[in-house]
Structures are given as C-alpha cells and as structure tokens.
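Working notes for the structure below.
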Amino acid sequence: MAFILAGLVGCQSGGAASGDGTALSVNRLAQLADEVGEDGSDNCPLPYDVKKAAGAVGLGKEIEPGAPDDALGAVVATAENGTQPEKESAWAANPGALVSCMYHSGEDALKIHTIGGEKPGVVSLLAPVMQRDGGMNTTELGPYVEKTKKAAPGEAVQSEGGNVVTVPLSAGDTGNVAIVLTVGNMGKTSLTPEQILELAKTFAGQTK
C-alpha cells in the first residue's frame, strides 16, 4: 500500500459523482480507483466542490488543487484498488479501495481520503496517515481509530488536535465507506478546528 503509507495524494475540483446519486459503494470506489490508475492522476474522480466548501467555513482564501509546494508535480490524485488483494496485501483482511485527493489553502495541505471496505474498521488502514498528519502519538492514535470504527454514518469524529476528521458515509449492503480529512502537517495548521470539522462535513455531504 505504497500510496497509503506515503500519503501521496491530490485532487482537482469537479470530477465524477458516485454514479446515480445514491450512497457511494465500495464497488464504485474501486471503479474510480481504476480510473485514477497506479501512477496517479491530475484530476480527482470525486465531486468535491472546494469553492463552496471554502465559502461555507469562511476561510477567506481559496482552496486549490495539488500540494502547497508542488512536491507531487502533476499528480493530484492517487488510488488503490484492493478488492482482490494478494495474501500479503494490507487489504487482505478487509478488501476494498482508496481514492485520495490533495488540495491546499495557502501553505496548508488538505488531503481527502475516501476509503471503503467490505467490513467495518477499514479506516484503520489510514492510521499511519492520521498519525503523521495529525501529529498524534500512539497513545492518542489508538483511541481515535477505535472511536472512528464505532461512529455512525454521517457522524464526524475529530482528533484531539483538531486537524484530522473521519466521517463514515455508508454501511451495510454497499460496504463500509468513509472519508478521512487531514489538514496541515504533523498537527500544525493555520485553520481552526471548527473550520476543519465543517470542511469534513461539507465534503462528506458532497459524496452522497
């Protein structure tokens, strides 16, 4: 899971919706991951309206696609299709897919990971990303991940530091899908916890 562990993600505004307007399924997420491909893409396949989101939380500045320092070049979206994993794969215990998109607001990186699995708890695969971007120690990370696993669809779970928010999107017949928004790096960001929470809720609403 090179992209998950490295956290190399990105996205542009616009993109494909979840299909017919219903809840985003794991199968649909896997299709979108295939569209992004192994080498990444310069376009996000998910319909995030970043301009609307920025206005809704009163950022006072625009959200732009890509990393703040152009470290990823033209790659602004990465993905993995783990629906048919090999035995050694991190997806083996919970087959699923991941599409990750990168934006920035000023010097702050905004990473939106949309992840889905056949069973609950798939967000735990993003624990290394949560820990790094959220500046969490292991004492903070474990309880946070466990709390995200218990959250109901639509319930936003924010980290103690404020710059990581997980929102489950669906569960049941469509699989278990969630978004994980991280803002800043190593727990440092110019956005307030309230702004980050509202951003996560807005993006979650846009993927339904």
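Counting only heavy atoms from C-beta outward, the side chains of Glu62 and Lys51 never approach each other to under 4.5 Å. Looking at heavy atoms from C-beta onward, Glu155 lies out of side-chain contact with Val167 at the 4.5 angstrom threshold. Counting heavy atoms from C-beta on, the side chains of Ile115 and Val177 never come closer than 4.5 Å. In this structure, Asn176 and Val123 have side chains that are not in contact, with every pair of non-hydrogen atoms separated by 4.5 Å or more. Using a 4.5 Å cut-off on side-chain heavy atoms (C-beta onward), Lys149 and Pro120 make no contact. Between Met102 and Leu110, the closest side-chain pair of non-hydrogen atoms is not below 4.5 Å.
Proximity of a side-chain donor or acceptor of Gln195 to a complementary backbone N or O of Thr192 within less than 3.5 Å is detected. Remark: the backbone N or O of Thr202 is not paired with any side-chain donor or acceptor of Lys52 at under 3.5 angstrom. Looking at Asn163, its side chain does come within 3.5 Å of a backbone N or O of Val183 through a donor-acceptor pair. A donor-acceptor pair is defined here as one N or O able to donate and one able to accept, closer than 3.5 Å; no such pair exists between the side chain of Gln131 and the backbone of Pro128. The closest donor-acceptor contact from the side chain of Ser100 to the backbone of His113 lies at 3.5 Å or more, if one exists at all. The backbone N or O of Gly66 sits less than 3.5 Å from a side-chain atom of His104, completing a donor-acceptor pair. No side-chain donor-acceptor contact under 3.5 Å links Asp133 to the backbone of Thr182. Side chain of Asn185 to backbone of Gly187: no donor-acceptor contact under 3.5 angstrom is found.
In this structure, Phe203 and Tyr48 have perpendicular ring planes: the angle between them is above 60°, well past the 30° mark.
With hydrogens and angles left out, the side-chain atoms of Ser25 and Asn27 include no donor and acceptor closer than 3.5 Å. Side-chain contact check for Glu80 and Trp91: at least one donor-acceptor pair (N or O, by modelled atom type) lies under 3.5 Å. Judged by distance alone, the side chains of Tyr144 and Thr166 do bring a donor and an acceptor atom under 3.5 Å apart.
The minimum heavy-atom distance between Ala127 and Val145, with the atom names listed, is CB-CG2, 4.2 Å.
The CG atom of Leu24 sits 6.5 Å away from atom CG of Leu32, with the distance rounded to the nearest 0.5 Å. Taking CG of Leu59 as the reference point, atom OG of Ser105 lies at 5.0 Å (rounded to 0.5 Å). Taken to the nearest 0.5 Å, the CG atom of Asn137 stands 8.5 Å off from the CD atom of Glu160. Here the OG1 atom belonging to Thr83 is positioned 8.0 Å from the CD atom belonging to Glu118, to the nearest 0.5 angstrom. To the nearest 0.5 Å, the span separating CD1 on Ile179 from NZ on Lys201 amounts to 11.5 Å. Between atom CE of residue Met136 and atom CE of residue Met130 there is a gap of 7.0 Å, rounded to the nearest 0.5 Å.
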Could you walk me through whether Gln158 and Val164 pass side chain to side chain contact (heavy atoms under 4.5 Å, CB included), step by step?
-> CA-CA 6 Å; Gln158 190 166 30; Val164 178; over 6 Å; no

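Val180 pairs in a side chain to side chain contact (heavy atoms under 4.5 Å, CB included) with only one of the listed residues (Leu125, Val157, Leu126, Leu98), which is Leu126.
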